Amino acid sequence: MQPVALNDKAVNLSASDPCDADRANNSTLSIQQITSHYDQDKTKHEKTVDTAIVRNDDADAGTLNSFEKRSSNTQIDRHTKSQFPTVPVPGVKKPFMYNLRTSKNFITLTILLALFTDMVTYGIIIPIMPTIIADMNGDSTMTGVLVAVYAAGIMSASPIFGILSDKMASRRLPMMIGLSGLLIATIIFMLAKAYWLLVIARFFQGVSGGAVWTLGLALMTDSFPANEMGVQMGKSLIGHTLGLLGGPPIGGLLHDAFGARAPFYFCIAFATLVIFCLAILIEVRADEVLEIRRYEVELRERAIANGIPVEEPKQTSLWELITTKRLIAAVAVTTLEAFDLSSLEPTLPYYLRERFAMSEGQIGLVFIAFTCPTIVSPLAGWISDRYGARYLCSIAVTVCGCFMLILSIENKPLWAIVLTLIGIGLSTSSFIAPVLGEISAVVRRTGDKAAYARAFAIFNIAFSFGMLIGPILAGYIYNKHGFKWNCITAACILFSSVPMLLLWMGDRRAKMEDVAMYELEEEERKRMLHEINIIKAERKAAEELNANTLV
């Protein structure tokens, strides 16, 4: 009896010995079950792929905003099960608390806490920095350098983490490294006695922030379907807004109540909590990516043998992404949100102190008016998931500009200022959540499945740029012309961006196309995982049969 090669393994399929034949039939039973299921569903899958192509009448071969050579309308039933269910591998035991550690709610909560930790670490130090600098005989220029250095750290690190993350299967591990760096940098800042140590610590806090944002948002994209992206991103952005606007009042209150190191202990505790959450989180998609990469050659050969078209992997450069109109509009909205909020951070406290003689604690309470409306972020994401980002973002930016004009009116009572700030918080929370879904859609249309982290690095840079220029421009205008013209300038900038958003952002039709493309990708991914299980079963059967043959 001569063994026959089966998937690089020697298998004896001779039936001259009845025992061998019996063993062969028993060993290959699972393969027959899997492959028969695959043969029955292959035709259905091919029909699904053929019908799940979306027509785009505005196709433009020169941009990334169009489908190329797409012909018919989408016919996907989102409530049906996949044609290629994952075949369980015998003998594999799930890790402890597997369902919790892989649940969508746990992933969203982890990213929410990560964004909160990053932004609260940025903001919590702002009210106590002047005291720290004064103890070192410094001035306001040195304080400004620390603010700018943080933004520089984010802007320099984001593209690096984006490129590295897209080459790795896991987002979790580099994100843990970034948060560990944030933890160490915060401890150094707390203990530093020299100004140069403060500069280094602040820079690496920014670097860590770049890792948290870039990798955290990419992890969200890996974990959620296109028709849920807005809602889930909106939930996670609650942590971002709470940290950004709640950081200064939290820092001031903790400093006054418990001492100079209390704000740092607060940040250290949250950083430790997020690292723990990431340590126990299980990235199912990362494991699947590794499996697909490991069997890439076999999958390609089997696809060709089964008559399934095989596309060459596509690579999208940062320049291609940056020059996409839809991404430009999303980046503009990101910069506007950061600019709008950060322009009020340094000027509103001075205005309230001069106008109403308010204390630091009272000013911190006024800033809470910004944070309350963050609960609308998931609602804004839900709307964008169904109707696209174009009109939602355009209306929200316009409304925000109107509230900025109202804020510029002089001699308003304090209650009117608080209500206006609530309106600004509502509008800004509405136009940032849909942006993240837009960025994911741009990457999906390029065909490069490994460019999400790079795209979110661009988002991160845009946000940091807005945070950098907002306080500088607002501080200059406030010193020269007063708070009124500071608000009017911000409103004019917001209004001027609306035409671009109306022209370039995705509408309801574009959102439906994005969902259809995502579902095609998901069906292809499940097909490959199904094929991998067949390959594994064949190899296991071959090994068992060879072992029995040698006995």
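These figures come from a predicted structure and were not determined experimentally. Just so you know, these numbers use all the heavy atoms, side chains as well, and skip hydrogens, waters and symmetry mates.
Using a 4.5 Å heavy-atom threshold, the side chains of Leu501 and Val397 count as touching. Two residues are said to be in side-chain contact when any heavy atoms from C-beta on lie closer than 4.5 Å; Lys484 and Ile477 fail this criterion. Counting only heavy atoms from C-beta outward, the side chains of Thr214 and Met175 never approach each other to under 4.5 Å. Inter-residue side-chain proximity for Ile439 and Arg326 is flagged as unmet; no heavy-atom pair is nearer than 4.5 Å. With contacts defined as side-chain heavy-atom distances shorter than 4.5 Å, the pair Met404/Asp340 qualifies. Counting heavy atoms from C-beta on, the side chains of Cys487 and Leu405 never come closer than 4.5 Å. Counting heavy atoms from C-beta outward, Val331 and Val435 have side chains that stay 4.5 Å or more apart. Counting heavy atoms from C-beta outward, Leu494 and Phe339 have side chains that stay 4.5 Å or more apart.
Residue pairs meeting the ring-ring contact (aromatic ring centres under 6.0 Å, His included) criterion with at least one partner in residues 225-248, sequence neighbours excluded, are Trp213-His240, His240-Phe463. Sorted by first and then second residue, the salt bridge (charged side-chain N to carboxylate O under 4.0 Å, His left out) pairs with a member in residues 209-218 form an empty list; sequence neighbours excluded. Applying the side chain to side chain donor-acceptor pair (under 3.5 Å) test to pairs two or more places apart or on separate chains, none has a residue in residues 383-392.
When atom types are taken as modelled, the side chain of Ser208 and the backbone of Gly178 share a donor-acceptor pair closer than 3.5 angstrom. Lys511 places no side-chain N or O within 3.5 Å of a backbone atom of Ala389 that could act as its donor or acceptor partner. Under a 3.5 Å cut-off, the side chain of Arg172 and the backbone N or O of Leu278 do form a donor-acceptor pair. Under a 3.5 Å cut-off, the side chain of Glu438 and the backbone N or O of Gly506 do form a donor-acceptor pair.
Around the OH atom of Tyr478, the shell of radius 6.0 Å holds more than 12 heavy atoms that belong to other residues, nucleotides or ligands.
Nearest heavy atoms, Asn460 versus Gly209: ND2-O, 3.8 Å. The heavy-atom pair separating Ser158 from Ala457 by the smallest distance is O-CB, 3.1 Å. Residues Phe106 and Leu100 approach most closely at CB-O, 3.4 Å, considering heavy atoms. In terms of heavy atoms, Arg445 sits closest to Asp514 at NE-OD1, 3.0 Å. The two residues Val443 and Ala455 have their closest heavy-atom pair at CG2-CB, 3.3 Å. Between Leu336 and Ser497, the shortest heavy-atom contact is CD1-OG, 3.0 Å.
Aromatic ring centroids of Phe270 and Phe116 lie under 6.0 Å apart.
A side-chain N or O of Thr108 and one of Gln232 form a donor-acceptor pair less than 3.5 Å apart. No side-chain N or O of Gln205 forms a donor-acceptor pair with one of Thr121 less than 3.5 Å apart.
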Applying side chain to side chain contact (heavy atoms under 4.5 Å, CB included) to Arg101 and Leu281, what does each step give before you reach the verdict? CA-CA 5 Å; Arg101 295 165 64 185; Leu281 186 146; 5.8 Å; no
